[in-house]
Every structure is written in C-alpha cells, then in structure tokens.
2 protein chains.
Amino acid sequence: MSLGGLLGEETGAAPQQVRTEPIQQRSAARLSGLLDAAAAVVDEVGFDRITTAMVAERAGASIGTVYRYYPDRVAVLHALHERAVVRFRQRVVDELSASTLTSWWDAVDCVVTAFVGLYRTEPGFRIVNFDDRDGAPVADVVADADFFARRLADVLVNEFDLPAGDDLIFRLGVAVEMADALLARAFHTDPIGDERFIAECRLVMRDYLDRFYSPQALNLLATAS
Amino acid sequence: MSLGGLLGEETGAAPQQVRTEPIQQRSAARLSGLLDAAAAVVDEVGFDRITTAMVAERAGASIGTVYRYYPDRVAVLHALHERAVVRFRQRVVDELSASTLTSWWDAVDCVVTAFVGLYRTEPGFRIVNFDDRDGAPVADVVADADFFARRLADVLVNEFDLPAGDDLIFRLGVAVEMADALLARAFHTDPIGDERFIAECRLVMRDYLDRFYSPQALNLLATAS
DNA sequence: GGTCACCGAGTGGAATTCAATCATCCTGGT
DNA sequence: ACCAGGATGATTGAATTCCACTCGGTGACC
C-alpha cells in the first residue's frame, strides 16, 4: 500500500489533486508551503489527528487558502502522500545510480535503503502509510501497489534477466507488502528506526525472492524447460 | 499490530475500557448489543466512517447510552478490537485442540487458519487492523504485539522444544507483522479473501521460520553448542 | 480594470455533555 | 410473603462544542 505506487506515474485518472493550478509564482510557494506545514503537523499529531486549521496556521495562511488549493482535508493528505512517493522515486533512482549493481538483490536493497532514508529525513514521511479507506475507489490502492510491482518487475527483468510474468509481479507485490509492514514497525516508535527490524526486512526480502530467483532456482527453471 | 495482542491477557494497565461496569443484566446485553451494532457498521462503512449516531441507532439505543459506556468514539473501536482479539484467541485454542500437531509448523498454520476463519465469519473483524495512532500510549501497540509473540513463543517452546529466548520472540514478532500485512491484503477487497495471498502467507511463515527452526537448523545449533 | 490570492466570519454536521426521566433493586414495615 | 418507596442504575435527547468546509468581501498583481 505505502511502498505501493512507487516508481509509478500517476494512475491515469488523476483525481483532481489541486483545485487551481498556480498562475502566479507566489502561489507555487504557498502550495509547497502548505504541504510542508502538513508534513510537520503529521509528525506532531499523526495524520488522522490533523486538522485543516493546524495546517493553515502552521503555513501562516488562513483556512480559506487551504481550501483554495485542496477540495477537502483528505486531498491534502493525498497530495502529501503523492509528494512523498515522488521523492521516494527520485531517491530510489539516485540510490540505484550511485551503487554498482551486481544482481537483482542489490536493486531490492537500494529500494529498502531509499525507503529507510526517507523515513529518517523526510518530514511527515509516515504519510506513505496513509490509506484512504473511502467508499469510492478502493481499487486505487490495489492498482497502485500492482503498478509499483509492475515497474519494479520491469527493472528486474530488463537489468537482471529475471523471468517476466504475472508470477514475478505477484511476488514483488507480496514482498512490498511485507517490507512495508516491517519498516513501518521499525519506525513505529523509534524515529531512527529499529535496526533489528530493518536488517530483518532485508533478510526476508532476499530469502523470499531467492526461493524463486536465486541463480540456482533460475538454473532449475532453465533446465526444466 | 492486529495479530499482535493475540493470546495475551489485557496488558496490566487496562486503560478504562468502559466507563461503568454493568451491574444489571440488561446493561450487559446493551453493551454487547452496542458492539454488535458497531461491528455491523464497521462492515458497512469501514471503521473510520463510523459515527456514534450510527452505532446508537443500529443498537436501538440513544446517543447518550453509547457515551454511558464508552468515553468517546474511538473507545468503542478499541472495545470492538479487544473483543475481536479475545474471540481470535478462543478460535486459536479451538483450532489447536482440534488438530493433531506434529510440529511447530502445524501450530503456526492453526493461527493463520483461525485468523482467516474469523475474517470470513466474524462481523467487523477487520477492526483488528485498527491502530489508534494516538499520542498517548503508543507503546501499547508494541507491547501488545510483543506480548503475543511471547505467548506464542511459550507454546512453541513447551510443545515443540524450540529454543526459548529473545531471538524466538523477535522472530515471531516479525512473522506476526508479515502475516498481518499479507492477510490484510488478502481481505482488502475480497470478502472471501484472496487465496493466493493466504497461501503465500503460509508459505512465507514456514520458510522464514524454517530458516531458524527447521530440524536441520536445530541440529546445527545443537552440534555447535 | 480585471484577474489572482487571500482572508476569516458563517454554516452545517458530527461528537460529546448533562439534567431530567424511567427501570430495577433493596429495605424495612406490615 | 407482600408491598411502599427511596436509592441507585440506565436511558434519553436537546443543548453545546468542535471542526470541516463555504463564500462574499478585500487587497495584490499584471
């Protein structure tokens, strides 16, 4: 869910994130200022205790300004989530290009590293755990996670010759779900992140995927076919 | 978090779940009636869309009655969560005694089976995923999960001779976190539960714990010491 | 002068309180 | 045994408070 959506472009029907596209430059600053304020508030009170008034005050704006840009309270959270996802994507790219990758494992490791890094440095990053259990488009979350799994699958297929297919996507989806849970646990209390859970997350990722995609497993697949 | 707390007695400082302990028998019925109503509403609108008025109306009571028993809205959710956990514990016990257990794996499997069964039959069981990101007692959730891991560890140590210790408890905590995430995913959309995720959950549990507690791994441990 | 931004009192709905009322239990007198 | 009637438990719903969200009015930019 939270790791879900990573690497993905907006899902086709971007649900009108902002009401008004900023025309003047000052409003662009307002917009990011609002998100910065929201991020700070998220760190202080958590994202379900957040109120529009808090965000406005923290941003040095008035309630009306918040509503000028966002249709409602959750839209702010969605936007913050979106920004966090974008920054995460960027971080993953940075991490990948800064590392020498010798196997798919290194790529997966980079993803974990990026996620952990942002948890530590990006204000309000816990927003990635925000899941709108709304009535309307529940499928969005699933589609989101699925989309990320697909993108990651593409990378692993193209760069490391993993066998493409629905199985790979499904397993990456499972891996995302598990990593998400373990890292959320690692940072649930500890703002630095409990190293034990982080390390165990890396280990689980590797073991789980190794079952199917270790060199040995791949050899077996190759000889069997 | 959600599987967390299973098998555990209430954490020492039970945070005043109900305002008034029921004295007369009719109020006991009221209390469970309120929870039944809350469970139904949870299934209909989800546990963040729930309103006290909905619960009251569904239970055939008035708003005031809800507040007689619960200090606020989230207290109702906490109570429902608590009841779900209790029923889960019972189900695990039933499941364990109804099965012939030949190894620790069977016990773990029973836990998964019990969880899945309740997801399918217990109204509002998704409340187990309710995690109050409140300011106050964040430690409760952690302590909760830890407590469950301890209890499960006790069972596995006593019944199947797994090596006791903090490592076992930690790993069970990790397993709980992962199972929780995968089963929540399985039931996120599908009310019957996506079998693929359920099966993968069982597989992951076994593989992960096998790494440390398979007969082979235990033999290595024994010979090494 | 005409948009673009912004403001903040006002509106409405949901959460929560509380004083009044009803139901049940208890006790002592017959 | 029975019952009156006070004490305490239980219920009610109108009133209050809090918060998301609207909108007509005021300046800022171009």
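Residue numbers begin at 1 in each chain, while the letters A, B, ... track the order of the sequences.
Picking from C:dC7, D:dC21, D:dT12 the nucleotide with the shortest atom distance to the side chain of B:Thr65 gives D:dT12. Out of C:dC7, D:dG13, C:dA5, the shortest distance to the side chain of B:Ser62 is found at D:dG13. For B:Arg73, counting side-chain heavy atoms from C-beta on, the closest listed nucleotide (D:dT11, C:dG8, C:dA15) is C:dA15. Nearest nucleotide to the A:Thr52 side chain, out of C:dA15, C:dC4, D:dA20: D:dA20. Which of D:dT12, C:dT17, C:dA5 sits closest to the side chain of B:Ala61 comes down to D:dT12.
Atom CZ in A:Arg68 sits roughly 14 Å away from atom C1' in D:dG24 (whole-Å rounding). Distance A:Ile50 CD1 to D:dC19 P: 13 Å, rounded to the nearest Å. Residue A:Met54 contributes atom CE, which lies 13 Å from atom C1' of D:dA20 at whole-angstrom precision. Atom pair A:Ile63:CD1 and D:dG24:C1' shows a separation of 17 Å (rounding to whole Å applied). Atom CZ in A:Arg49 sits about 15 Å away from atom P in D:dC18, given to the nearest Å. Following rounding to the nearest Å, B:Tyr70 (OH) and C:dA15 (P) show an atom-to-atom distance of 16 Å. Protein atom CG of A:Asp48 is 16 Å distant from nucleotide atom C1' of D:dA20, rounded to whole Å. Between the CG atom of A:Leu34 and the P atom of C:dC7 there is a distance of 10 Å, rounded to whole Å.
Take the nearest nucleotide of DNA chain D for A:Gly64 and for A:Ala53: the residue whose nucleotide is more 5' is A:Ala53.
Aromatic ring pairs are classed by plane angle as parallel below 30°, tilted from 30° to 60° and perpendicular above 60°; the pair A:Phe125 and A:Tyr119 is perpendicular.
Residues B:Thr121 and B:Arg91 meet the side-chain proximity criterion, which asks for heavy atoms closer than 4.5 Å.
Nucleic acid contact for B:Thr51: sugar-phosphate only, since backbone atoms but no base atoms lie under 4.0 Å from a heavy atom of the residue.
B:Arg171 places no side-chain N or O within 3.5 Å of a backbone atom of B:Leu209 that could act as its donor or acceptor partner.
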Under 3.5 Å, side-chain donor or acceptor atoms of residues 50-61 of chain A against the rest of the protein: list the pairs with distances, not counting sequence neighbours.
residue : atom : partner : partner atom : Å
A:Thr51 : OG1  : A:Met54 : N            : 3.1
A:Arg58 : NH1  : A:Glu44 : OE2          : 3.4
A:Arg58 : NH2  : A:Glu44 : OE1          : 3.1
A:Arg58 : NH2  : A:Glu44 : OE2          : 2.4

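OP1 or OP2 of C:dA5 has not a single side-chain nitrogen or oxygen of A:Tyr69 nearer than 4.0 Å. A close approach under 4.0 Å does not occur between any side-chain nitrogen or oxygen of B:Tyr67 and OP1 or OP2 of C:dT17. At least one side-chain nitrogen or oxygen of B:Arg30 sits closer than 4.0 Å to the OP1 or OP2 atom of D:dT12.
Of all heavy-atom pairs between A:Val204 and B:Met178, the closest is CG1-SD, 3.6 Å.
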